[in-house]
Amino acid sequence: MQYANLFLAGLFQAAILFLVACGLQLIFGVQKVVNLACGSFYALGAFFAITAVGLLHQWQMPMIFLVPALVLSGVLVGTVGAPLELLLRPVYRRDPSYQLLLTFGLLLMFQDVFRFFWGAAPRSMDSSLYGIYGTIDISGLQIPVYNFLVIGASILIAMILGLSLKRTRIGRIVRATAENRNMTEALGVNSSKVFTMVFTLGCILGTVGGALVIPTSAASMTMAAELVVEAFAVVVIGGLGSMAGAAVGAIIVGLMRAFAVSLAPEVEILSIYLVVVVVLLIRPVGLFGRSAS
Amino acid sequence: MLNVSELTVDIQGSRILRGISLEVRAGELVCLLGRNGAGKTTTFRSLMGYLRPVSGRISWEDKDLARLSTWQIAQLGIGFSPEESEVYADLTVEENIELPTWTRTCGRPAAERISEAYRIFPKLERYRKRGGAELSGGERKMVSIARALALDAELLLLDEPFEGLSPAIIPLVAEGVAAIRQSGKAIVMAESNLHHVPDYIDKLVVIERGEIIYTGSLSGALGDVEVMKIIAGAVDAEPQT
């Protein structure tokens, strides 16, 4: 029974990780930028969600709207990606090290932004909100409905994203731009607009992930850096640029972490990196990655 | 329609185009003939805004193209089929051809443009649902030209449309080029092989080491010994003893 509980906790972690990794994959797939600032967007979503839930309380809105409010707050604050994308434009066609330095700079700058607006101390919302939707009894285990809502929301977002990329005109233009930006421009596509849209969407996925995690844990200054480590583990395991890889990688990392925290907390991070090392040794492009050739 | 005047282009500090001038009128088929490395692709890449000229002017219906981005040039109605075809492997043939009808919505209705592309390359009709990665070199070339056509372009830049194609496919592509020309669109076709130059071209422009060395009719070039030395590949040949 303990394992079933850990399994569900791992899936919850995976759902959150998937959203952030999905944003990372999307930005890399189209813009070829490894966005180290993805953790900052996650943290920004978390901090902003605390403010949003505070407003919900202030306006005496029923807390049944918690999940929609968290998603909405994540979407709203994620639009900060649009102006931030302008900062990346000078480095798109330069060596990837410039992109890494720039996005790492953003990560550091966001630390001060969080300190300025929310203070240095960890912030959390009323812990009773986690159980606002009640619990489900599964063979004697009381699992918060909130966990299922987040897992469901993550699956829904993945399906909408996948279908949009596959079936809609804008999705096809995004895929074409990802494959060959120069050719797409020769077909009349303003790739700068596509890049702004994709970067903003990538940010929104991160901020929504951060907003959804906040009923279960506090928002803190260190959460951005911690998430970057996990998101990159997901990406390396799944394969850079692959959405399916992000899903599988997130499940592996989420489950590994949940089981390690409970069974062997001293090797929590080590266990994740053991998987990363094994994948890199056996299949360096990741489980779903495509080799350059 | 298109006027290139004294165009000079450098790539990584090396002078590739040295003051070339070129004029294309509406409905004309112009062939830019030159050996590999002569500057044909650089000319096309400059016309499409991928390269910024050092000096000179490129004007399209009195608009200065040298100041515009590639996508803006495409929006003006200049279609480009690159030498490597650059068909999207991740999209189907159908999606490849339809894409420019989503991005350039002015001009004729999308359905008309798409049906024209399939009418000119009927072989593609059978491969509509096939992925770009599953096509042969000749099929990719046809998709690339059909896609540029679907932009509803008034001028098509075709970079080496017959390069690397099997002898069985070349007539199909040549028929397509002839049909596009008959539809009244202007075409500038880059070619390195004299035998692939259609005899119905309106103008031949020969480029050598970044300079235009001949502009005139195909028959005129065939009668010019100096030009023939270059375009027939005889310039580097050692005298026979």
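Numbered from 1 within each chain, the chains take letters A, B, ... in sequence-line order.
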* Rounded to the nearest 0.5 Å, how far does CZ of A/R172 lie from OG1 of B/T92? -> 7.0 Å
* To do: For chain A, find which of B/Q72, B/E95, B/M48 contributes the most heavy-atom pairs closer than 4.5 angstrom.
  => B/E95
* Structure fact -> Separation between CZ (A/R175) and CG (B/D90), nearest 0.5 Å, reads 4.5 Å
* Closest heavy-atom pair and its distance - B/W71, A/V189 -> CB-O, 3.1 Å
* Is the number of heavy atoms from other residues, nucleotides or ligands within 6.0 Å of OH (B/Y118) greater than 12? -> yes
* Asked: Between A/E185 (side chain) and B/S69 (backbone), is there a donor-acceptor pair under 3.5 Å?
  -> no
* Structure fact -> Shortest non-hydrogen pair, B/Y88 vs A/M183, comes out as OH-C, 3.4 Å
* **Heavy-atom proximity to chain A below 4.5 Å, by part of B/A150** => neither
* Asked: In terms of heavy-atom proximity below 4.5 Å to chain B, should A/T184 be classed as side chain, backbone, both, or neither?
  -> both
* B/L91 side, atom CG; A/K166 side, atom NZ - distance, nearest 0.5 Å -> 8.5 Å
* Rounded to the nearest 0.5 Å, what separation is found between the CZ atom of A/R181 and the OG1 atom of B/T70? -> 9.5 Å
* To do: Check A/N180 against B/E86 and note the closest heavy-atom contact, atom names and distance.
  => ND2-OE1, 2.9 Å
* Asked: Distance from B/I97 atom CD1 to A/L187 atom CG, nearest 0.5 Å?
  -> 11.5 Å
* To do: Name the region of B/Y50, side chain, backbone, both or neither, that has any atom closer than 4.5 Å to a heavy atom of chain A.
  => side chain
* Neighbour count above 12 (heavy atom, 6.0 Å) for A/R167 CZ -> no
* Proximal component of B/L99, with respect to chain A [non-hydrogen, under 4.5 Å] -> side chain
* Atom CZ of B/R25 with >12 non-hydrogen neighbours under 6.0 angstrom -> no
* With a cut-off of 6.0 Å (strictly less than), are more than 12 heavy atoms of other residues, nucleotides or ligands near CZ of B/R52? -> yes
* Who wins among B/G49, B/G79, B/A89 for the most heavy-atom pairs under 4.5 Å with chain A? -> B/A89
* Structure fact -> Between A/A186 and B/A74, the two heavy atoms sitting closest are O-CB, 3.3 Å
* Asked: Crowded around B/K123 NZ? As in, over 12 foreign heavy atoms under 6.0 Å?
  -> yes
* **Atom CE of B/M1 with >12 non-hydrogen neighbours under 6.0 angstrom** => yes
